2 protein chains.
Amino acid sequence: MPPLPSPPDRITQTLVRHGLRQTPVRRAVLAAVAGKGYALSGPEIEREIGPGTTDRITLYRTLKSFEQHGLLHRVPDDTDVLRYAACSIECSAEAHFDNHVHFRCGTCTHTYCLSQVAVPAVALPGGFRADRRHYLLSGTCQLCQPAG
Amino acid sequence: MPPLPSPPDRITQTLVRHGLRQTPVRRAVLAAVAGKGYALSGPEIEREIGPGTTDRITLYRTLKSFEQHGLLHRVPDDTDVLRYAACSIECSAEAHFDNHVHFRCGTCTHTYCLSQVAVPAVALPGGFRADRRHYLLSGTCQLCQPAG
DNA sequence: CTTTTTTGTGCAACGTCGTTGCGAATAGGG
DNA sequence: CCCTATTCGCAACGACGTTGCACAAAAAAG
Ligand SMILES: [Mn+2]
Ligand SMILES: [Mn+2]
Ligand SMILES: [Zn+2]
Ligand SMILES: [Zn+2]
């Protein structure tokens with residue numbers, strides 16, 4: 001009895017859909033950021049997938065590649081590290097559609113993607129043409145509110 | 001004939017108002033950022049005031065001190081360097097009032113303070129409490145628009 | 001399945017930005 | 001003018017991120 005081919009999992013599909021090769025590092029990075037409602041930095045992802053899984057260099061190259069291909073979007077922070085979060089399914093190498101607000105909690109230090117909250121438009125002075133908008137809030141998140 | 005005391009200049013006034021000592025480094029940093037409509041990074045300020053004027057360490061300490069005392073506000077960028085711009089006159093060590101939008105031009109790489117454009121409010125999911133809001137636009141500025 | 005080609009990985013070395021510790025210099029107040 | 005708290009400058013360090021190059025692995029070709 002020949003083994004039936006099992007259906008491709010979510011991570012495999014994601015890589016295929018964006019035309020990227022299946023490699024252990026990429027699968028591990030995708031698994032680390034998938035499902036999380038907040039953005040992770042390079043070092044955080046490294047800890048998450050286990051320090052022995054890959055080295056910094058490959059990880060950073062993977063993150064940059066994922067951003068260019070529409071798998072991750074960069075989340076600017078008021079810190080000096082770069083953070084990445086999973087993109088919505090309609091993002092591709094051609095264009096990102098992550099126009100939502102981000103929220104940094106000073107207590108748990110997570111930077112959440114508030115996917116439901118769209119970035120409000122602003123009227124710019126004449127001559128300015130914007131193609132990207134980032135809205136970052138800082139404060140205390142749902143889970144870190146002081147009791148009362 | 002004793003020399004008359006000349007009236008204190010703007011920079012002197014600013015330092016006095018915030019309770020900071022008059023030092024050459026501080027005066028140079030203030031002079032570098034004053035009047036500019038855009039934010040400067042540490043290395044940029046260093047180049048601006050002349051590399052021999054001070055060293056990196058003192059400059060960074062000065063910038064941090066100025067931020068805490070309400071002379072400068074930090075401008076988050078989609079790059080990985082910290083940028084600072086002059087505060088409005090009502091900022092102090094107690095509180096900042098720089099709720100305006102910032103605009104990064106990909107051509108001239110300046111990050112402008114659009115002081116006239118207030119950051120629009122957003123409705124947050126229940127439980128999130130924000131005390132700071134950053135709105136960063138990226139695109140092409142007034143002066144860098146392609147002719148047409 | 002085997003070979004070839006293309007792409008990704010890991011190591012080494014490097015660069016930049018920013019920080020900490022500490023002795024020397026200096027601004028501001030008596 | 002002198003004293004003292006503050007600031008400066010040097011040295012060393014650390015974190016994050018990048019580049020060049022040889023090797024390994026994935027995908028394509030045969
Ligand atoms: Mn996001
Ligand atoms: Mn500003
Ligand atoms: Zn929190
Ligand atoms: Zn411009």
Side-chain angles (χ1 to χ4, degrees), chain A residues 2 5 8 11-30 39-69 71-72 74-84 93 109 111, chain B residues 5 8-9 11-30 39-69 71-72 74-84 93 109 111:
Chain A
I11 288 176
T12 305
Q13 291 177 339
T14 303
L15 288 172
V16 168
R17 177 153 32 89
H18 293 90
L20 293 171
R21 285 191 179 180
Q22 309 283 333
T23 76
V25 175
R26 288 176 177 173
R27 304 181 69 83
V29 172
L30 270 189
L40 295 170
S41 69
E44 282 166 356
I45 295 175
E46 207 177 358
R47 280 190 288 275
E48 186 99 5
I49 67 181
T53 309
T54 183
D55 65 334
R56 283 204 317 294
I57 297 95
T58 301
L59 175 57
Y60 287 130
R61 279 194 281 231
T62 300
L63 293 175
K64 189 171 283 187
S65 166
F66 279 4
E67 188 192 7
Q68 289 169 345
H69 287 84
L71 288 78
L72 298 180
R74 196 183 284 204
V75 181
D77 219 326
D78 54 356
T79 66
D80 52 353
V81 299
L82 307 179
R83 290 173 192 279
Y84 293 89
T109 73
T111 302
Chain B
D9 62 305
I11 289 177
T12 304
Q13 290 177 339
T14 301
L15 288 173
V16 167
R17 177 153 32 88
H18 293 90
L20 292 170
R21 285 191 178 178
Q22 309 283 331
T23 76
V25 175
R26 290 175 176 172
R27 304 182 68 84
V29 172
L30 271 189
L40 295 170
S41 68
E44 282 168 356
I45 296 175
E46 205 176 359
R47 279 191 288 276
E48 186 100 4
I49 67 181
T53 309
T54 182
D55 65 335
R56 282 203 318 293
I57 298 93
T58 303
L59 175 56
Y60 288 128
R61 281 194 280 232
T62 302
L63 293 175
K64 188 170 285 189
S65 165
F66 279 4
E67 189 193 4
Q68 289 169 344
H69 287 84
L71 288 78
L72 299 179
R74 196 182 284 205
V75 181
D77 219 326
D78 54 355
T79 68
D80 53 352
V81 298
L82 307 178
R83 288 172 193 278
Y84 293 88
T109 74
T111 301

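Chain A is the first sequence line, chain B the second, and so forth, proteins listed ahead of strands; every chain is numbered from 1. Just so it is clear, the model here is predicted, and its values are computed rather than measured. What's counted below: heavy atoms across the whole structure, side chains too, no hydrogens, waters or symmetry copies.
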Separation of C/dG18 C1' from B/Tyr84 OH (nearest whole Å): 10 Å
Without decimals, in angstroms, what is the distance between A/Arg27 CZ and C/dT9 C1'? 17 Å
Rounded to whole Å, the CG-P distance (B/Leu59 to D/dG9) equals 10 Å
What residues in residues 43-58 of chain B put a non-hydrogen atom under 4.0 Å from any atom of DNA chain C? B/Pro43, B/Arg56, B/Ile57
Tell me, do B/Leu59 and B/Val25 make a side-chain contact under 4.5 Å, heavy atoms counted? no
By nearest-nucleotide position on DNA chain C, the 5'-leaning member of A/Ser65 and A/Asp80 is A/Ser65
Applying side-chain contact (heavy atoms from CB on, under 4.5 Å) between A/Tyr84 and each of A/Leu72, A/Val75, A/Leu40, report the one that passes. A/Leu72
Please examine the side chains of A/Glu44 and A/Arg47, heavy atoms only from C-beta on, and report whether any two atoms are closer than 4.5 Å. yes
B/Asp55/B/Glu46 under side-chain contact (heavy atoms from CB on, under 4.5 Å): CA gap, chis, key distance, verdict: CA-CA 8 Å; B/Asp55 65 335; B/Glu46 205 176 359; 5.7 Å; no
Quick check: do B/Ile11 and B/Arg26 have side-chain heavy atoms less than 4.5 Å from each other? no
CG of B/Asp77 versus C1' of D/dC16: gap in Å, rounded? 17 Å
Has A/Gln22 got a side-chain atom pairing as donor or acceptor with A/Leu15's backbone, closer than 3.5 angstrom? no
For the pair A/Thr62 (side chain) and A/Thr58 (backbone), establish whether a donor and an acceptor sit closer than 3.5 Å, ignoring hydrogens and angles. yes
Treating primed atoms plus P, OP1 and OP2 as sugar-phosphate and everything else as base, which nucleotides of nucleotides 22-30 of chain C get B, S or - for protein heavy atoms under 4.0 Å? B----BS--
So, OP1 or OP2 of C/dT19: does either fall under 4.0 Å of a side-chain N or O from B/Tyr60? no
B/Arg74 versus B/Leu82: any side-chain heavy-atom pair under 4.5 Å? yes
Would you say A/Lys64 places a side-chain N or O within less than 4.0 Å of OP1 or OP2 belonging to D/dT18? yes
Does some side-chain heavy atom of B/Ser65 sit less than 4.5 Å from a side-chain heavy atom of B/Leu20? yes
Per the end-axis method with five pairs at each terminus, what is the bend angle of the helix from C/dC1-D/dG30 to C/dG30-D/dC1, to 10°? 30°
Would you confirm whether A/Thr53, through its side chain, and A/Ile49, through its main-chain N or O, come within 3.5 Å as a donor-acceptor pair? yes
Where do A/Arg83 and A/Ala39 come nearest, in terms of heavy atoms and distance? CB-CB, 3.7 Å
Can you tell me how far P of D/dT7 sits from NE2 of B/His69, to the nearest Å? 8 Å
Round to a whole Å and report the spacing from CG of A/Leu63 to C1' of C/dG8. 14 Å
